[in-house]
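Accompanying notes for the structure given below.
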Amino acid sequence: MLAIVAAGVVVAGAAGVGIVLLTGDDGGGGPARRASSPETTTTTTAPSTTTTAPPFVGFVDPASVGQPYGTTVPGVLTFRGNPTRTYYGQGPIPAAPRAVWQYPGASMCSLSEDGGEVTNWCGTGWTGQPAVFERDGRTWVVFGAYDRAVHFVDAATGQDIIPPFPTGDIIKGSVTIDPDGYPLVYTGSRDGFYRVIAFDRPQPTELWRLSGDEVQPTKWNDDWDGSALVLNDFLFEGGENSQFHVAKLNRATGPDGLVTVAPQLVFNAPGWDDELIAAVGDEVSIENSVAVIGDTVYFANSGGLVQGWDISGLRTGAGPPTRVFRFWVGEDVDASVVVDAEGMLYVGAEWEKHRPRAAEVGQILKLNPAAPNPVVWAIKDQGADTAGVWGTPGLYQDLVIVPTNGGRVLGIDRATGAVRWEKQLPGPVWQSPVIVDGIWIQGDCGGVLHAYDVRNTLVDPPELWSVTLGGCIESTPTVWKGRIYVATRAGSFFAIGDA
């Protein structure tokens with residue numbers, strides 16, 4: 001059942017209002033409106049002048065929404081490509097796609113325990129997006145998998161560049177490649193550690209690890225699913241211990257020419273508060289990937305608490321982060337918060353416990369953190385055949401594309417929240433939409449990868465092609481220069497290109 005909750009409805013539970021930088025056109029949402037001035041008459045003509053806007057001061061320029069993660073390392077370096085989780089890669093999209101190579105020779109599988117049950121996990125899953133980037137005249141593909149390893153693969157050949165790095169348990173989340181050119185990959189694992197791994201030597205080498213038990217108190221468990229952000233030598237990461245962590249990396253190059261780090265954990269804060277625990281109990285964790293715009297970091301947790309923290313003091317030395325935004329949606333938010341250039345947040349929530357708050361608020365929301373009532377619009381997805389939203393929303397011009405657990409994928413007007421079109425795919429659809437050159441790439445749990453034309457955002461997008469890979473496609477693909485890189489739960493990783 002789908003229903004739109006109109007803007008302006010009073011929503012209980014909102015607190016703390018964040019200050020968000022507002023900017024103009026974000027590539028589709030339209031320029032910010034300004035009040036018109038009254039007409040005046042004058043006989044004086046001022047001389048024409050040319051002014052240059054001062055450079056942006058802050059962690060993430062709102063003008064970078066939809067753009068790559070900096071200019072130093074070409075590629076898709078983190079989950080959904082950049083700090084606002086709005087960059088999907090570089091085209092062209094294949095026109096006559098086929099599997100160019102399949103990696104490795106055998107399925108990537110291992111045993112792992114979840115909730116007291118040990119099962120065999122294969123391939124890659126939610127979120128599992130590979131990093132694809134250029135380094136020393138070669139395109140690298142780096143990803144973590146369910147075989148308990150981080151893989152470093154040549155995009156041209158599908159062969160290992162250096163051997164895989166083993167971890168103590170499966171890797172569910174997406175890796176992050178250092179955006180400043182240091183040969184470092186940042187990744188978590190179900191084995192309880194978040195790692196910094198160097199890949200500028202014959203064997204990938206762990207330089208540092210952060211334990212899920214490093215800080216206290218904690219909730220839930222010690223897994224690490226989120227894809228970290230590295231900004232101004234700080235690493236930002238949420239853990240399933242329900243703590244938000246900030247580490248100063250102190251990256252450098254040693255006398256031998258190899259990369260070094262000397263991280264210090266400079267800040268951590270609980271991802272919960274007493275009000276949330278009273279409402280949902282202790283089962284709270286941070287599984288999504290933090291997003292940053294301006295000097296504010298956003299994340300959510302499995303209790304449904306969406307937060308914004310002012311991190312400007314880390315940059316200026318003025319002091320530790322402070323919370324500036326709080327909004328409770330009522331149920332688990334595993335999808336990462338997406339931020340547009342106007343500072344609006346797009347949030348997808350699950351629908352499993354059927355709490356009254358979630359029934360009231362809805363499962364797909366656009367929030368304005370600068371407003372006393374943050375809800376711009378909201379959509380309910382509360383049918384018997386769904387569990388809400390797991391995949392991270394995708395932005396394209398005036399459209400937001402949101403997959404649901406039940407297989408519905410919605411094309412929503414970003415301004416009004418009106419559902420323009422809907423597609424039904426074999427669920428659960430946990431893969432996040434990827435849109436490059438007006439082509440939307442979406443996988444389903446029937447093992448099919450689809451391409452749709454969304455260049456006309458007002459119409460139901462026609463399908464351009466589909467490729468059957470076999471095995472549920474939970475992981476988010478990466479598009480880079482004519483190829484699409486993605487794995488399935490059947491155990492294999494694919495490079496898909498033109499025949």
Side-chain angles (χ1 to χ4, degrees), residues 21 55-64 67-85 87 131 133 135 142 173-188 193-201 204-211 214-215 224 226-239 243-269 286 289-299 308-322 339:
L21 295 173
F56 173 77
V57 177
F59 274 102
V60 175
D61 189 343
S64 69
Q67 301 301 311
Y69 193 168
T71 58
T72 303
V73 183
V76 178
L77 310 182
T78 188
F79 177 64
R80 297 293 294 278
N82 65 10
T84 55
R85 310 299 177 180
Y87 178 64
F133 59 98
R135 177 177 172 82
V142 179
S174 304
V175 303
T176 294
I177 299 299
D178 192 280
D180 299 315
Y182 291 97
L184 297 169
V185 58
Y186 308 88
T187 184
F193 296 104
Y194 198 88
R195 292 176 169 87
V196 180
I197 301 167
F199 54 88
D200 58 349
R201 47 206 88 183
T205 303
E206 178 184 298
L207 300 185
W208 181 70
R209 62 166 64 176
L210 176 65
S211 169
E214 186 81 14
V215 300
W224 300 88
S227 184
L229 291 177
V230 175
L231 299 163
N232 295 14
D233 202 39
F234 290 99
L235 180 142
F236 301 90
E237 172 69 353
Q243 287 267 351
F244 168 60
H245 310 76
V246 183
K248 184 71 167 62
L249 292 169
N250 298 308
R251 300 162 297 171
T253 302
D256 57 359
L258 299 179
V259 66
T260 65
V261 295
Q264 297 173 290
L265 190 64
V266 296
F267 179 79
N268 65 276
I286 302 170
S289 301
V290 301
V292 175
I293 192 166
D295 278 329
T296 305
V297 58
Y298 292 100
F299 56 91
W309 287 69
D310 182 348
I311 53 175
S312 61
L314 296 172
R315 179 176 52 81
T316 64
T322 57
V339 194

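Just the heavy atoms: all of them, side chains too, but no hydrogens, waters or symmetry mates, feed the values below. No experiment lies behind these values; they were computed from the predicted model shown.
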Report yes if the side chains of Leu314 and Pro321 come closer than 4.5 Å at any heavy-atom pair, otherwise no. yes
With sequence neighbours left out, what residues match Arg315 under salt bridge (charged side-chain N to carboxylate O under 4.0 Å, His left out)? Asp295
Which distance, rounded to the nearest 0.5 Å, do you find between the CH2 of Trp309 and the OG1 of Thr322? 7.5 Å
Search all heavy atoms of Val175 against all heavy atoms of Ala131 and return the closest pair with its distance. CG2-CB, 3.8 Å
Distance from Glu237 atom CD to Thr187 atom OG1, nearest 0.5 Å? 9.0 Å
What distance do Arg201 atom CZ and Asp256 atom CG have between them, rounded to the nearest 0.5 Å? 7.0 Å
Sub-4.5 Å side-chain heavy-atom contact between Trp224 and Leu210: yes
Any donor and acceptor pair, going by atom type alone, linking the side chain of Asn232 with main-chain N or O of Phe234 inside 3.5 Å? no
Could you go step by step and tell me if Val246 and Ile311 meet the side chain to side chain contact (heavy atoms under 4.5 Å, CB included) rule? CA-CA 10 Å; Val246 183; Ile311 53 175; 5.6 Å; no
Considering only residues two or more places apart or on different chains, which pairs with a residue in residues 243-252 satisfy salt bridge (Lys or Arg N to Asp or Glu O under 4.0 Å)? Asp178-Arg251, Asp180-Arg251, Asp233-Lys248, Asp233-Arg251
Centroid separation under 6.0 Å, is that true for the rings of Phe133 and Tyr69? no
Drop me the distance from Ile177's CD1 to Phe199's CZ, to the nearest 0.5 angstrom. 4.5 Å
Can you tell me which residue among Thr260, Ile197, Leu258, Val259 is in a side chain to side chain contact (heavy atoms under 4.5 Å, CB included) with Leu207? Val259
Ring geometry between Phe236 and Phe59 (parallel below 30°, tilted from 30 to 60°, perpendicular above 60°): perpendicular
Please report, to 0.1 Å, the donor-acceptor pairs under 3.5 Å made by any side chain of residues 74-83, with sequence neighbours excluded.
residue: Thr78; atom: OG1; partner: Arg85; partner atom: NH1; Å: 3.0
residue: Thr78; atom: OG1; partner: Thr176; partner atom: OG1; Å: 2.8
residue: Thr78; atom: OG1; partner: Ser227; partner atom: OG; Å: 2.8
residue: Thr78; atom: OG1; partner: Ala228; partner atom: O; Å: 3.4
residue: Arg80; atom: NH1; partner: Thr392; partner atom: O; Å: 3.1
residue: Arg80; atom: NH1; partner: Pro393; partner atom: O; Å: 3.1
residue: Arg80; atom: NH2; partner: Tyr88; partner atom: OH; Å: 3.1
residue: Arg80; atom: NH2; partner: Pro393; partner atom: O; Å: 2.6
residue: Asn82; atom: OD1; partner: Thr84; partner atom: N; Å: 3.2
residue: Asn82; atom: OD1; partner: Thr84; partner atom: OG1; Å: 3.2
residue: Asn82; atom: OD1; partner: Arg85; partner atom: N; Å: 2.9
residue: Asn82; atom: OD1; partner: Thr86; partner atom: N; Å: 2.8
residue: Asn82; atom: OD1; partner: Thr86; partner atom: OG1; Å: 3.4
residue: Asn82; atom: ND2; partner: Gln67; partner atom: O; Å: 2.8
residue: Asn82; atom: ND2; partner: Thr86; partner atom: OG1; Å: 3.2

List the steps and the verdict of side chain to side chain contact (heavy atoms under 4.5 Å, CB included) for Leu249 and Tyr186. CA-CA 11 Å; Leu249 292 169; Tyr186 308 88; 3.6 Å; yes
Taking all heavy atoms of Pro62 and all of Phe56, pick out the closest pair and write down the distance. CD-CE1, 3.6 Å
Measure the spacing between CD of Glu206 and CZ of Phe193 and express it to the nearest 0.5 Å. 8.0 Å
Taking every heavy atom of Arg135 against every heavy atom of Pro183, the minimum-distance pair comes out as NH2-CB, 3.5 Å
Let me confirm one number: the CG-OH distance from Leu235 to Tyr194, rounded to the nearest 0.5 Å. 5.5 Å
If you look at every heavy atom in Val339 and Ala291, which pair is closest and at what distance? CG2-CB, 4.1 Å
